There are 2 protein chains.
Amino acid sequence: MDDDAVFKALADASRRQLLDRLYERNGQTLGALCADLDMTRQAVAKHLVILEEANLVSTARQGREKLHFINPVPINGIAERWINKFEQRQLGMLSALKKALEDEGDA
Amino acid sequence: MDDDAVFKALADASRRQLLDRLYERNGQTLGALCADLDMTRQAVAKHLVILEEANLVSTARQGREKLHFINPVPINGIAERWINKFEQRQLGMLSALKKALEDEGDA
DNA sequence: CATATAGGCAACCAAATGGTTGCGTGTCAA
DNA sequence: TTGACACGCAACCATTTGGTTGCCTATATG
């Protein structure tokens, strides 16, 4: 998995919104995803390409329609491989910070 | 918590690298974080500001040094509030995708 | 066939981003 | 006090990004 592509894809609020919409109703067409989105169809299409390239969205052609499906695997990957790394030591980190702030308070 | 700031802060590989370095050794100074980083001190400083504004890094002044501490709370926030949302339905999503691909295969 | 509908491609543009250089400020130590 | 050291601030620059418009292709449907 390409961590960087996934993080960059998730960095944009419009793209997160698209994922939210696909979460609510999976397998939508480009046209459906454009509805009420205050963006041109082409802008949405570009976002979907970025999500596809990050493997966050998979597509299936059906006639002249292209259905979009959310793919939670890369998100899982981040959560497991990168984020949990920090959770592990969370308490240790917080107490280290607290101590440092106290030391600074003394000075 | 400002989701957007956190996602944008995490979107840059240099900033993730800085977090990795702080994970390895917490409480480093700007100078220490610059070492071997093939970037000017000012560039690193800018990244640290962004991490600070996203509340991913906390700082404590100590004399003329500024110590940087990783803060795992916002990462936790994302993992819990946003990412788990997708994990929940992971199996359902994957089976829906599989079915759609099969349908497309028939056409 | 003719035409509407769903989507793809490419050029273009403004603003944000990631980086630089140059210089100023505060703190420690000889 | 004088200089070295750690950092902050600001201007500037190239590239990326998010968006637009215009036009083209492909699939349905009268």
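What you see is a predicted model, and the numbers here were worked out from it, not measured in a lab.
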Within-4.5 Å side-chain heavy-atom neighbours: [X] and [Y]:
X: A:Asn55; Y: A:Val73; answer: no
X: A:Met39; Y: A:Cys34; answer: no
X: A:Arg21; Y: A:Asp36; answer: yes
X: B:Val44; Y: B:Leu18; answer: yes

Margin query: I'd like to know if the side chain of A:Asn26 and the backbone of A:Ile70 have a donor-acceptor N/O pair within less than 3.5 Å.
Written below: yes

Next item on the list: Kindly say whether A:Ala9 contributes a backbone atom to a donor-acceptor pair with the side chain of A:Arg15 at under 3.5 angstrom?
Entry: yes

Note to self: Tell me which one of B:Val49, B:Val57, B:Leu51 satisfies side chain to side chain contact (heavy atoms under 4.5 Å, CB included) with B:Glu53.
What the structure shows: B:Val49

Margin query: Under the rule for salt bridge (Lys or Arg N to Asp or Glu O under 4.0 Å), what residues qualify as partners of A:Glu52, not counting sequence neighbours?
Written below: A:Lys66

Check: Can you name the residues that form a salt bridge (Lys or Arg N to Asp or Glu O under 4.0 Å) with B:Asp4, not counting sequence neighbours?
Finding: A:Arg16, B:Lys8

Check: B:Phe7 CZ to C:dT17 P: how many Å, rounded?
Finding: 16 Å

Next item on the list: Let me know the distance between NE2 of A:His68 and P of C:dA6, rounded to the nearest Å.
Entry: 14 Å

Please produce a list of atom pairs where a protein N or O lies less than 3.5 Å from an N or O of nucleotides 2-5 of chain C.
{"from": "C:dT5", "atom 1": "O2", "to": "A:Arg64", "atom 2": "NH1", "distance (Å)": "2.8"}

Next item on the list: Can you sort out the partners of A:His68 under side-chain hydrogen bond (donor to acceptor under 3.5 Å, both in side chains), two or more places apart, ordered by chain and number?
Entry: none

Check: In residues 31-50 of chain A, which residues come under 4.0 Å of DNA chain D by heavy atom?
Finding: A:Met39, A:Thr40, A:Gln42, A:Ala43, A:Lys46, A:His47

Next item on the list: At the 4.0 Å heavy-atom cut-off to chain B, mark where contacts on DNA chain D begin and end, going 5' to 3'.
Entry: D:dA4 to D:dA11

